[in-house]
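Shown next, in structure tokens, is the structure this report addresses.
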2 protein chains.
Amino acid sequence: MKRVGFPMRLMSPPVGLAALADTDLVGQVARVLTQAVISGQLAPGAKVVEAGIARELGISRAPVREAARLLEQQGLLVSHPRRGFFVRKLEVRDIDEIYDLRICVESHAAQLAAKNLTPANRAALRKQIDVLHETADLEDHARQVEEDYKFHRMIVEIAGSKRLLKVFDDLSSEMRMVIGLIGRLYDDPHRIAQTHEALLDVLEQGHDDIIAARFDYHIAAAWREVGRLVREIPSSTNGVAP
Amino acid sequence: MKRVGFPMRLMSPPVGLAALADTDLVGQVARVLTQAVISGQLAPGAKVVEAGIARELGISRAPVREAARLLEQQGLLVSHPRRGFFVRKLEVRDIDEIYDLRICVESHAAQLAAKNLTPANRAALRKQIDVLHETADLEDHARQVEEDYKFHRMIVEIAGSKRLLKVFDDLSSEMRMVIGLIGRLYDDPHRIAQTHEALLDVLEQGHDDIIAARFDYHIAAAWREVGRLVREIPSSTNGVAP
DNA sequence: CAAGATTAAACTGTCGACAATCGGCGCTTA
DNA sequence: TAAGCGCCGATTGTCGACAGTTTAATCTTG
């Protein structure tokens, strides 16, 4: 397959005026791989064969390698020199680390966000809670989880620290992996919506200690629940790759 | 230049028993680049020409690219698609983010570390404080800063969370960059040693609130000092790369 | 018949090549 | 003389190739 006039894409060639920032093969591969990992299509411990991915996407190995390095930094893959990249296996220990760090980062973010709350922000958060309520009826677990994260992410965005947001995003992909392993929601969708409403209330109140305590508790609850469910599926608690 | 029996290295060919994990060209390049950025050899905003680096190191562009992507994730470089990688320019805003996150992460780590304190840990920390006292007389600023970080890093290590440590390490390189910009120490070396002694005392005491407050204060003090010094050097407060 | 040696296939790490693109320089033109 | 246009060198993004290593499969051999 020979290139002709534009860099090889994973999407159709330039149509209309859609040629904005679409020139990032590595980024696209990273997204594809991330999705594959999160969805479980690439199971924990599985080997990520560069040539295989490359062939499948109709590109060469170079961009795949760079994307893999990216995901390694984000913690989704691990690299064993001269043996390749593998999908990270999460042990109970890892899950604890993830949630512990999430509490640390997110309850801090919440305090910052409270100080940056504007009417616009507030409205956006309220709207997202509405979405949570709506999706609660849809029985679409994946969607529900996604909208849930979106709410939490909005708060970190409002906090206004790019670095805080990056840490959160990296944690998110790992958490999505965990959720993927569990395979089911661990709480009633309607309760989730309610809980988040309470979170927003506390946020608007603006009392640092209370915000921290509330978010801490909220995330810790999820942590406990996830922990409980993971222990039921010991297949996910194996050691590291082969 | 043709390869013969072992992958191209940046160090001399296998001598003695130095063939441990030395098979990682990308890692080596990353270290070289990191050092170049931290030392200011590659100034903020400078373009990182792949071919140039590659030629200089006697290797091809592929490993250089992968290393650059790594440093991008760590926040030392920024990538402008189709234009290349540039050394990140830090604005005052960035410095604030860095220290804010550091407080968040490190004071949490300290609380965890207190719970994991063993006699061995304790001794190691005490020893590091001795080192701080010793280097205080050497007038070697770079060394002093390095030993300072080492102390803080040990605490995060003791905390026992790989993820916490990664965040800390990423922040560290950015902080080293800041220190590099400032170019001088912002506190009396002997005072530094003393201060850290106090930190360890509090840590051994084991009272969460006090630990958090003390570390928070300690880092915030450094923050303020750095902020003051940076404002004196407006050359470091420019916008983003060209 | 199992444990170890042997060989073949599959893969990684790295390289050099090439087209597309970017940035700057000088030339044209008002 | 200053804004605009097009060309040229420098650099990126991507590819295909190849040596060397790891893995798996097969073949001994005690």
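The structure displayed is predicted, hence computed values, not measured ones.
When the C1' atom of C/dT14 is taken as reference, atom CG of B/D24 falls 13 Å away, rounded to whole Å. Taking atom CD1 on A/I59 and atom C1' on D/dT14, their separation rounds to 9 Å, with Å as the unit. Distance, B/L57 CG to C/dT14 C1': 14 Å, rounded to whole Å. What separates CD of A/E66 from P of C/dT12 is a distance of 16 Å, to the nearest Å.
Nearest-nucleotide mapping onto DNA chain D: of B/A62 and B/G52, the residue sitting toward the 5' end is B/G52.
For A/E147, the side chain to side chain donor-acceptor pair (under 3.5 Å) criterion is met by A/Q128, A/R143, not counting sequence neighbours. Under the side-chain contact (heavy atoms from CB on, under 4.5 Å) criterion, B/R228 pairs with B/E225, B/E232, sequence neighbours left out. By the side-chain contact (heavy atoms from CB on, under 4.5 Å) test, B/A43 pairs with no residue at all, sequence neighbours left out. Qualifying side-chain contact (heavy atoms from CB on, under 4.5 Å) partners for A/N121, counting only residues two or more places apart in sequence or in other chains: A/L117, A/T118, A/I158. Every side-chain contact (heavy atoms from CB on, under 4.5 Å) that A/K162 has, sequence neighbours left out, goes to B/R88, B/D94, B/E97.
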Considering only nitrogen or oxygen atoms on both sides, find all protein atoms under 3.5 Å from nucleotides 7-11 of chain C and state each distance.
{"from": "C/dC11", "atom 1": "O3'", "to": "A/K47", "atom 2": "NZ", "distance (Å)": "3.2"}

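Candidate nucleotides C/dT12, C/dC15, D/dT12 were compared by shortest atom distance to the side chain of A/R61, and C/dT12 ranks first. Closest to the side chain of A/R82, out of C/dT21, D/dT22, D/dT14, is D/dT22.
A close approach under 4.0 Å does not occur between any side-chain nitrogen or oxygen of A/S60 and OP1 or OP2 of D/dT14.
In the model, B/D100 has no side-chain atom that pairs as donor or acceptor with a side-chain atom of B/W223 under 3.5 Å.
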